[in-house]
Amino acid sequence: KALTVGHGVAELCVIFCFATMVEGASGFGTPVALGAPMLISLGHPKFESVVVLLLSNTFATVFGAAGTPIWYGFGSLGLSREDFTQISTNAAVALV
């Protein structure tokens with residue numbers, strides 16, 4: 001009951017991509033909530049499953065959730081698309 005036979009690295013890559021995709025779609029911890037039961041059902045230990053997903057989610061969170069506060073936080077100000085682009089660029093540079 002594994003995604004790959006004897007290739008844990010491939011499973012980690014799939015989980016990392018899954019976590020990044022779900023973080024971009026919904027964010028706010030959803031990748032860990034969805035991915036941990038998936039890993040546990042494949043036979044991985046519970047604690048390690050949660051830790052691996054939290055670590056992989058950390059990398060995606062830095063860039064994935066940056067747009068949500070900007071879009072909804074500044075959405076009611078009537079800014080143009082160029083203003084949003086400039087604010088987003090400044091936020092991305094500040095995160096790096």
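Nothing fancy with the numbering, it's 1 onward along the sequence. Just so you know, these numbers use all the heavy atoms, side chains as well, and skip hydrogens, waters and symmetry mates. Please read all numbers here as calculations on a predicted model, not as lab measurements.
A continuous path of ILVMFWY side-chain contacts below 4.5 Å connects M38 to V22, so both sit in one hydrophobic cluster.
Annotation: side-chain contact (heavy atoms from CB on, under 4.5 Å) contacts of L54 (sequence neighbours excluded): V32, V50.
Pairs engaging residues 31-40 under the side-chain hydrogen bond (donor to acceptor under 3.5 Å, both in side chains) rule: none recorded [sequence neighbours left out].
Across S49 and I40, no two heavy atoms sit closer than the pair OG-CG1, 3.9 Å.
Separation of atoms CD (E48) and CG (L39) is listed at 11.0 Å; rounding is to 0.5 Å.
Annotation: side chain of F18 is in contact with side chain of L34 (closest heavy-atom distance under 4.5 Å).
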